[in-house]
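See below for the structure under consideration.
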There are 2 protein chains.
Amino acid sequence: MNTIKQLGYIAMGTRLRMLTDKFITDADKIYNSLDVDFEPRLFTVFYLINQKKSITITELAEQLGYTQPAVTQIANVLISKKLINSVKEKKDSRKKILTITKKGEDLLLELIPVWQDIENSVKELINETGYDVLFVLSKLESELEKKDIFTRVMEKTKKRQIEEVKIFEYSSDSPGDALYKKELNKNFRDLNYEWIKKYFKVEKEDKKQLENPGKEIIEKGGIIFFAEYKDMIAGTAALLKKEDNSYELAKMAVRDEVQGKQIGKKLGFAVIDKVKQLKCDKLYLETNASLTPAINLYKSIGFEEVEMKDPSKYERATFRMNYNFKK
Amino acid sequence: MNTIKQLGYIAMGTRLRMLTDKFITDADKIYNSLDVDFEPRLFTVFYLINQKKSITITELAEQLGYTQPAVTQIANVLISKKLINSVKEKKDSRKKILTITKKGEDLLLELIPVWQDIENSVKELINETGYDVLFVLSKLESELEKKDIFTRVMEKTKKRQIEEVKIFEYSSDSPGDALYKKELNKNFRDLNYEWIKKYFKVEKEDKKQLENPGKEIIEKGGIIFFAEYKDMIAGTAALLKKEDNSYELAKMAVRDEVQGKQIGKKLGFAVIDKVKQLKCDKLYLETNASLTPAINLYKSIGFEEVEMKDPSKYERATFRMNYNFKK
DNA sequence: TATCTTTATATAAGTGCTTATGCAAATTAG
DNA sequence: CTAATTTGCATAAGCACTTATATAAAGATA
């Protein structure tokens, strides 16, 4: 039983559930031992019907934060116990108006002092803890409202995953034996074939670069970047050196299974950093206007759309972006 | 939704339940969105099996504060997911020893960082509240352990009910018209017949007193006490004046429906007070040794068992008690 | 004014526990 | 050493909610 406590923050849910159970089963025991025909779960609904005198199912659900089926079910129990009445609203026959019956009012006379005792008992319990537990609960609720656990965890997980992604370069002066370089070449080729085939067709220029990156990219002063995630090549991108001393970002591909881990972004930043490091201030890319996610990614790392002056080497390239070094 | 908050202490259960739900559903969302085949409810059991390496169902239940069927069910899910193994213990074939499988260990590698993120997120949330929520929870748990809500409410309810019981005397100089006195006589008679018939048979002496209390009790200097609860005569007792200037407490009866409200005790105290007020120091009663609850009641208000010297007027009287005025 | 959408409620099934009970193995008592 | 009791686990059913979906009335749209 102490194990739950030792788990600390991570078992908060279980611990809260256990505490909740104690409150609910105790309330049930109280009604039973006082021989009152009532159940804890009926409380909020019955209480609110009495307070508002007349209210519909949906209104109850909204005010109590229950789902509508929950209120319907509770109301049905109250009706079967003849504690409340339900009549259709005249103007809108979908609505059911709930009111307390005579029997319900009689029961209320019995219940109110019991509720008073429960309230005082909880108040007493809380006083003994020395904390304003109700206020702490409110704080917890409002902080959760601002940002729930799911969002918090997702942020952390994403961050962790990004940190797990390692970017490395493959250029003319990279170390590694032939076998390793062959493996990298294969990854570069396969990753790119995969997405090109998915959306377009493999063009002549693609084949040239992908089948012989050493000669076509590296030897011409370009660099290939790889993203490693969990001992696996998860993405790649190429920085091509052009004759006019500008660079082109091309052949960026990320493995489908690792989407959402910001690998593309990380590759993009690595490419940009490299260009800056090379003291160059001309970097562009060409893509297809239909690839919205990719374009959004490029925008997010600092590329801006420019006019497509000269026709591209690629048929699919209909959209040109330049990196803005000034921003 | 705000209504629950307004209810304050009395809706603590509901409020805790809602908070609990948020924690659990968020955990579920996290596993889903990370594509991990796991559920929140499996957490504690799976975690503990891994920590202890090898543990039985009952041990888990004890350490986690779950019921045994709950652990059995959770373990079965874990087994069906092939995350744990179960083998019978050699020495005691009733016991099932649970251990993590290879697949379970693989999943753990995925889960541990997620759990870490959850833990950090909850920690962060709690920091934002500005309270040591975990400590507040511990306090709440330990105060509940000392005295639970049920006990607290019962104490308050009992006290309230006792206060609602009013004792009044019916003696030669009591006010009230003939009809009212007749009604009191009827109550005195019926209440006593009821319990005498239940355990013994009505004796001649009973009949004399019950059919004519005015002549047989009041006119001889005795007093009849009534307990009124919710506009109803709920109990009665007679104080009989004896020839040797002592008093006898007799004919004490409490209506069945109002048992447990300490009405007998309150009647007893009223009788004792009266005797003291009359400057008398001899008060006794006779009852039957088999009526343990009654004897306990008498003891609790100051009566002590004494030897039964003379035979009683009643056949059923086998047990005599004197009130101890010295204590 | 016919259709399409929205709203109010009902119904069904699922969830994660619980209590109640059954059964077989182990232990204790006479 | 048998018989009664206790222990460990399984199974069934219940509880207090949930989500998903159905149904019918009301309101909006064209």
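Only this structure's heavy atoms are used, side chains among them; waters, hydrogens and symmetry mates stay out. Throughout, protein chains are lettered first and strands after them, A, B, ... in sequence-line order, and every chain is numbered starting at 1.
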When the distance from [atom1] of [X] to [atom2] of [N] is rounded to whole Å, what number comes out?
| X | N | atom1 | atom2 | result |
| --- | --- | --- | --- | --- |
| B/Arg41 | C/dT18 | CZ | P | 12 Å |
| A/Lys88 | D/dA26 | NZ | P | 9 Å |
| B/Phe43 | C/dG16 | CZ | C1' | 16 Å |
| A/Asp28 | C/dT19 | CG | C1' | 12 Å |
| B/Asn32 | C/dT15 | CG | P | 12 Å |
| A/Glu39 | D/dC15 | CD | P | 8 Å |
| A/Glu89 | C/dT7 | CD | P | 16 Å |
| B/Asp26 | C/dT15 | CG | C1' | 17 Å |

| field | A/Phe38/A/Val114 under side-chain contact (heavy atoms from CB on, under 4.5 Å): CA gap, chis, key distance, verdict | value | CA-CA 11 Å; A/Phe38 202 68; A/Val114 178; over 6 Å; no
Which listed nucleotide ([options]) is nearest to the side chain of [X]?
| X | options | value |
| --- | --- | --- |
| B/Thr58 | D/dA24, D/dG8, D/dC17 | D/dG8 |
| B/Asp92 | D/dC9, C/dA25, D/dT18 | C/dA25 |
| A/Gln73 | C/dA12, D/dA24, D/dT11 | C/dA12 |
| B/Thr67 | C/dT18, C/dT9, D/dC9 | C/dT18 |
| B/Pro69 | D/dC17, C/dA12, D/dT11 | D/dT11 |
| B/Lys96 | C/dT6, C/dA24, D/dA10 | D/dA10 |

| said: Does either side chain, that of A/Ser290 or that of A/Tyr199, offer a donor lying less than 3.5 Å from an acceptor on the other one? | reply: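 Judged by distance alone, the side chains do not pair up.
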Quick check: closest heavy atoms across [X] and [Y], and the distance to 0.1 Å?
| X | Y | answer |
| --- | --- | --- |
| B/Ala234 | B/Ile263 | CB-CD1, 3.8 Å |
| A/Thr25 | A/Lys22 | OG1-O, 3.4 Å |
| B/Ala75 | B/Ile84 | O-CD1, 3.7 Å |

| request: Classify the ring geometry between B/Trp115 and B/Tyr47 as parallel (under 30°), tilted (30 to 60°) or perpendicular (over 60°). | output: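 Because their plane-to-plane angle lies in the 30° to 60° range, the rings of B/Trp115 and B/Tyr47 count as tilted.
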If you look at every strand shown and take non-hydrogen atoms under 4.0 Å, does [X] touch a base, only sugar-phosphate, or nothing?
| X | value |
| --- | --- |
| A/Pro40 | nothing |
| B/Ile74 | sugar-phosphate |
| B/Lys91 | sugar-phosphate |

| message | Closer than 3.5 angstrom, by distance alone: can the side chain of B/Thr101 be matched with the main-chain N or O of B/Lys82 as a donor-acceptor pair? | response |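 It does hold such a pair.
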| field | Within residues 46-57 of chain A: residues closer than 4.0 Å to DNA chain C (heavy atoms) | value |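 Result for residues 46-57 of chain A: A/Thr56, A/Ile57, sorted by number.
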| said: Can you see if the side chain of B/Thr72 gets near the phosphate of D/dC9 - specifically, an N or O under 4.0 Å from OP1 or OP2? | reply: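 So the side-chain polar atoms of B/Thr72 never come under 4.0 Å of the phosphate oxygens OP1 or OP2 of D/dC9.
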| message | At less than 4.0 Å, is any side-chain N or O atom of B/Ser93 found next to OP1 or OP2 of C/dA25? Yes or no. | response |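 Indeed not, no polar side-chain atom of B/Ser93 lies that close.
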| query | Can a donor-acceptor pair under 3.5 Å be found between the side-chain atoms of A/Arg94 and the base atoms of C/dT7? | reply |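 Counting by modelled atom types and ignoring angles, a donor-acceptor contact under 3.5 Å is found here.
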| task | Only one of B/Leu137, B/Leu125, B/Ile118 passes side chain to side chain contact (heavy atoms under 4.5 Å, CB included) with A/Met12; say which it is. | result |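 Among the candidates, only B/Leu137 passes.
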